[in-house]
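Following: one structure in structure tokens, then a few remarks.
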Amino acid sequence: MSTATPSPVFERAYPTYESTRALDSLRAREYPLLDDTGCTYLDYTAASLYSRSQLDRHFALLRGHLFGNPHSMNPSSSQATTYIARARQRVLEFFNADPGEWAVVFTTNASQALKLVGESYPFAPGGRFLLTFDNHNSVNGIREFARARGATATYVPVVLPEMRLDEDELMRELDRVPPSGHHLFAYPAQSNFSGVQHPLEWIDTAHARGWDVLLDAAAFAPTNRLDLSRSGPDFVAQSFYKIFGYPTGVGCLLARKQALAKLHRPWFSGGTITVASVQGDKYYLAEDESAFEDGTLDFLTLPAVEIGIDHVESIGMDVIHERVRCLTGWLLDNLLALTQTNGRPLVRLYGPRTTDRRGGVVTFNVYDAAGQPIDHRFVEERAAAANISLRTGCFCNPGGGEVALGLTGTELSSCFKQPAHETHLTVDDFRMCIDGKSTGAVRVSLGLVSNLADVTRFLAFARGFIA
Ligand SMILES: Cc1ncc(COP(=O)(O)O)c(C=O)c1O
């Protein structure tokens, strides 16, 4: 079994790890594939893992019920409607969101939730879209909707080495509120690049100045409690597989009902209207979350959301959080202490060096004895050979990547402006363009059933680069 006996140094540094021991037996019982395959899974920010009992409960439910399309009004359809309502209710409870104030729009993933906001937000001339460099591409993409409708899009940079935001600049930007139009501020509660947890207090700061706030919780919610009764953005995007592994293909947009009313959908579709007419050339959007749920919801999969939430709650988010905090701290302490035999540091970390205001995402590049970065693709190849699942590249977070890797706006623009690259640019072209600089990093991320053995194995792997 893949547990490692904690050393006295670990126990002294992270005494609360002991209180998370229940996760070891859970892992052995519910996640046997980890031991059976010998895989060291370190890619929880990309996807969490699912337990056997989630599958058992879901398939027992499907075997025991006749579910029909919820748009019909017959008994099998009512069965599906009941379970969809239960899933909605459970999501609200999980995020401590008052059902009187909040709506849950089911989507296929966080990206679709973000797109719903982007395409429906009342961007117009005079309006602003403000966002952090540190954002997933599915948030970055909203700038295209904003600009197409005459609003401006402005980025606030993050700053090395911790990759936190330049808060003075953020406050200056938040203070610049044009008198007309609607203004949206978007940021991630936790970076999927650096692990930085950006302050949830920015939500109130932005609200006080007249901004609407879109919080990307995709990397935060899997290992942190997000309590919407305390932090109240207008929109929150989430993918459920990132929290409990199964099901994939379901996410949600949690939206304040008031904020949802501000959105204007650019079209209508099956499931989103009360009445639509061909000859009368008119449609009436539904006045609740179904206005945003195009077509038939994945009604066979949605009951698995309730099951997943039950599973996480039976463990306790605080236990998951504490385990990830201890393991992240231990990983950072040890990784940062590694040196080449000539004393040069083995890695360069992009993000905070301690567990203060950060989550379990640890991103870095490995350096050789001459102080040259080792290509992240080579590290990934070696990791795969060692049956370690980690992630390399920029993780769909180009702003984070550009700051970490020292790519400037000028050199990026001069690359993109080359005639050959007007409409077409492969990753290899890009690599040539930026003249040998690293185009990516290595990301190790911890989650739900990470254990000390995972971290120990990864550190042994990292030591393999010492020459
Ligand atoms: C912070 C963050 N936001 C959004 C997403 C997009 O999630 P999805 O691909 O499930 O839509 C991810 C995925 O990794 C993420 O880490």
Side-chain angles (χ1 to χ4, degrees), residues 41-50 91 95 105-119 131-143 155 158 163-165 184-200 202 213-224 226 233 235-254 292-294 298 301-302 304-305 308 324 350-351 357-363 389-401 403-404 440-448:
Y41 190 78
L42 298 170
D43 199 16
Y44 284 88
T45 295
S48 189
L49 300 176
Y50 53 85
V91 171
F95 291 104
V105 176
F106 283 121
T107 59
T108 50
N109 49 33
S111 299
Q112 199 206 345
L114 294 162
K115 185 175 180 218
L116 275 177
V117 177
E119 71 183 10
L131 67 171
T132 51
F133 263 48
D134 183 9
N135 258 314
H136 191 273
N137 266 337
S138 301
V139 176
N140 289 324
I142 294 175
R143 73 185 186 207
Y155 278 101
V158 289
M163 298 195 64
R164 296 194 196 276
L165 219 66
L184 182 66
F185 170 44
Y187 73 100
Q190 177 171 309
S191 171
N192 72 329
F193 190 96
S194 64
V196 161
Q197 293 182 342
H198 298 293
L200 294 175
W202 291 345
V213 180
L214 166 59
L215 188 73
D216 177 1
F220 181 84
T223 57
N224 298 275
L226 179 61
F235 308 104
V236 181
Q238 191 61 64
S239 280
F240 290 112
Y241 70 88
K242 290 193 188 287
I243 307 179
F244 33 77
Y246 176 88
T248 48
V250 190
C252 74
L253 172 67
L254 273 148
F292 294 85
E293 293 173 340
D294 293 332
D298 191 343
T301 301
L302 276 168
V305 170
V324 168
Y350 308 117
R357 293 168 295 143
R358 66 124 67 233
V361 177
V362 177
T363 296
S389 291
L390 45 69
R391 176 83 168 255
T392 72
C394 274
F395 332 122
C396 298
N397 187 328
V403 170
V442 180
R443 181 180 80 182
V444 164
S445 58
L446 304 170
L448 187 62

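As the structure is a computational prediction, the values presented were derived from the model and not from experiment. No hydrogens, no waters, no symmetry mates; every other heavy atom, side chains included, goes into these values. Note that ligands are numbered from 1 as they come in the structure, with each ligand's atoms numbered from 1 the same way.
The nearest heavy-atom contact from the protein to atom 2 (C) of ligand 1 is D216 OD2, 3.3 Å. Looking only at heavy atoms of the protein, atom 12 (C) of ligand 1 is closest to H136 CD2, 3.2 Å.
When all heavy atoms of A404 and M163 are compared, the closest pair comes out as CB-SD, 4.0 Å. Nearest heavy atom pair, residue S138 against residue S111, reads OG-OG, 2.7 Å.
Within a 6.0 Å radius of OH in Y50, other residues, nucleotides and ligands contribute 12 heavy atoms or fewer.
Taking only nitrogen or oxygen atoms, main chain and side chain alike, S111 reaches within less than 3.5 Å of ligand 1. No N or O atom of Q112 sits closer than 3.5 Å to an N or O atom of ligand 1.
Set against the non-hydrogen atoms of Y241, the atoms of ligand 1 under 4.0 Å away are 8 (P), 9 (O), 10 (O). If you number the atoms of ligand 1 from 1 as listed, the ones under 4.0 Å from a heavy atom of N192 come out as 1 (C), 16 (O). Atoms of ligand 1 lying under 4.0 Å from at least one heavy atom of A218, given by number and element, are 2 (C), 3 (N), 4 (C), 15 (C). Of all the atoms in ligand 1, the ones that sit under 4.0 Å from a non-hydrogen atom of S239 are 7 (O), 8 (P), 10 (O), 11 (O).
At a 4.0 Å cut-off, at least one heavy atom of K242 sits close enough to ligand 1 to count as contact.
Counting heavy atoms from C-beta outward, L226 and L215 have side chains that approach closer than 4.5 Å. V139 places none of its side-chain heavy atoms less than 4.5 Å from the side chain of P188.
Note that CZ of R391 and CG of L42 are 13.5 Å apart. Values are rounded to the nearest 0.5 Å. A distance of 12.5 Å separates CZ in F193 from OG1 in T45, rounded to the nearest 0.5 Å.
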